[in-house]
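Numbered from 1 within each chain, the chains take letters A, B, ... in sequence-line order. All values below come from the heavy atoms of this structure, side chains included, with hydrogens, waters and symmetry mates left out.
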Protein chains: 2
Amino acid sequence: MDAPAKKRRTRIQTEKRELILEAALEVFSTHGFRGSTIDQIAEAAGMSKPNLLYYFRRKEDIHETLIQRLLKTWLQPLRELDDVGDPIAELRGYIRRKLEMARDYPRESRLFANEILQGAPRIMPLLEGELKTLVDEKAAIISGWMRAGKIATTDPRHLIFSIWATTQHYADFDVQVRAVLGPDRGGDGRFHDAARFLEQLYIDGLRAKP
Amino acid sequence: MDAPAKKRRTRIQTEKRELILEAALEVFSTHGFRGSTIDQIAEAAGMSKPNLLYYFRRKEDIHETLIQRLLKTWLQPLRELDDVGDPIAELRGYIRRKLEMARDYPRESRLFANEILQGAPRIMPLLEGELKTLVDEKAAIISGWMRAGKIATTDPRHLIFSIWATTQHYADFDVQVRAVLGPDRGGDGRFHDAARFLEQLYIDGLRAKP
DNA sequence: CAAATTTTTGACCGGATGGACAAACGTTAG
DNA sequence: CTAACGTTTGTCCATCCGGTCAAAAATTTG
């Protein structure tokens, strides 16, 4: 899977591999897998192509490492959604964490979006397995809150989808958001405004009980 | 821009060009521009590569034609948002139309998403021009409704973003949605459930006035 | 320091890919 | 029917790109 195989990692290997992954994240997330070339990544990492291939034998190995690493952190916010606290506070926290991830890790979000857009060829099993299980589990928790009359009744799975969609939108469609908001409103305040809007949309909506 | 240039189109030319565009939409929308090859498109269109290149001189010409055609219809739902009718009914209609587009034209949605994900290199001027103008205009209408107390007060631009995000999500992230819903719930009812959910999320939320 | 090991590089290879071209084939209009 | 025009195809080319390799340079180890 990776070049220096089973042997222990050298200091240089650890550093250079990290450098490559950082560069590759930048390149892959904007051009997609096939749209990116090893030369591009090598140049972004400040090394020659053969040198890069010394650390990762194949282009796909870099991509796979990035995806694996991404998935580990990607679902963390949802995992943290627990039924111990106040339901409204839990959901508010989840939305906030997801929006923060869109703000702080937009490249990871785009890498993921690229993968899904192309039919998720490399992570389909994970979607049908781990992800589905996790969503089922959290949807059950949310349903419980609804039955208990703690939040308004709605489809919990589509609620999760809409939270994913609205938060990741600020990473995946960033250029469009900035273009539409213009230089003035498109500044740093974007995410603050978005947070306020989403808070109102979801929390006020969920408080209203039929 | 296109092969048979300024001359009048033959019957065969009209048919074959349409065939190519249909095939190219399929290929581009799933593999992106760089990820697609002329051979792939030619095969999907049932013709040889040189034959395809007789109708479109360059690969980019096909893509550009698709993008231009897409943009014409893409913004139509938003254009139709008018301030003549009932505000709630107008917004409900807009959300419904957008969701129908995600259902009926998912490939167009993914083509657009691919373009934006990669930084919108070919349509940036349009985003900053036509699109921004349109959004500004519609945001003003929505703001008017809010000032008049007809709908709840919120950020009109982020409201539009969230409608885009939630509806297009069902086209762009289709494989993920299906994987998570599973074979049972993932059937045809997806969009019906989504419509009900979005109706509740937005309409109930907007009705509530502070 | 010197040997062993790791890292870096230039040169190279084979296959894929976008595109050119001329010749063959088909269609249509006079 | 035939000349003109439109369509299709096989062949070819230059470039790009993923990946290899051996040898040079740098680093680590004893």
Task: nucleotides 9-18 of chain C: protein proximity per nucleotide (B base, S sugar-phosphate only, - neither; heavy atom, under 4.0 Å) - done: BBB-----SB

Considering only distance and modelled atom types, tabulate donor-acceptor pairs under 3.5 Å from the side chains of residues 66-73 of chain B, sequence neighbours left out.
from, atom 1, to, atom 2, distance (Å)
R69(B), NH1, E18(B), OE2, 2.6
T73(B), OG1, L70(B), O, 3.0

Using whole Å, report how far [atom1] of [X] lies from [atom2] of [N].
| X | N | atom1 | atom2 | result |
| --- | --- | --- | --- | --- |
| I20(B) | dT7(D) | CD1 | C1' | 12 Å |
| Q40(A) | dC17(D) | CD | C1' | 11 Å |
| F56(A) | dG18(D) | CZ | P | 16 Å |

Task: Phosphate-side-chain proximity, Q13(B) and dT7(D), N/O vs OP1/OP2 below 4.0 Å - done: yes

Open item on the list: Strictly below 4.0 Å: does Y55(B) bring a side-chain N or O up to OP1 or OP2 of dT8(D)?
Closed with: yes

Open item on the list: Within a 6.0 Å radius of atom CZ on F191(A), are there more than 12 heavy atoms belonging to other residues, nucleotides or ligands?
Closed with: yes

- [ ] Look at atom CD of E128(A) and say whether more than 12 heavy atoms of other residues, nucleotides or ligands are closer to it than 6.0 Å.
- [x] yes

Task: Of R103(B), R97(B), R96(B), the residue whose pairing with E100(B) passes side-chain hydrogen bond (donor to acceptor under 3.5 Å, both in side chains) - done: R96(B)

TODO: Scan L99(A), L78(A), D82(A) and name whichever one has a side-chain contact (heavy atoms from CB on, under 4.5 Å) with Y94(A).
DONE: L78(A)

Open item on the list: Among I160(B), T154(B), D155(B), which residue satisfies the side-chain contact (heavy atoms from CB on, under 4.5 Å) criterion with I142(B)?
Closed with: I160(B)

Listed pairs, N/O of protein and of nucleotides 22-30 of chain D, under 3.5 Å:
from, atom 1, to, atom 2, distance (Å)
dT28(D), OP1, R11(A), NH2, 3.0

Task: Student check: side-chain heavy atoms of K59(A) and F33(A) closer than 4.5 Å - done: yes

- [ ] For the residue pair S109(B) and Y170(B), confirm or rule out a side-chain donor-acceptor distance under 3.5 Å.
- [x] no

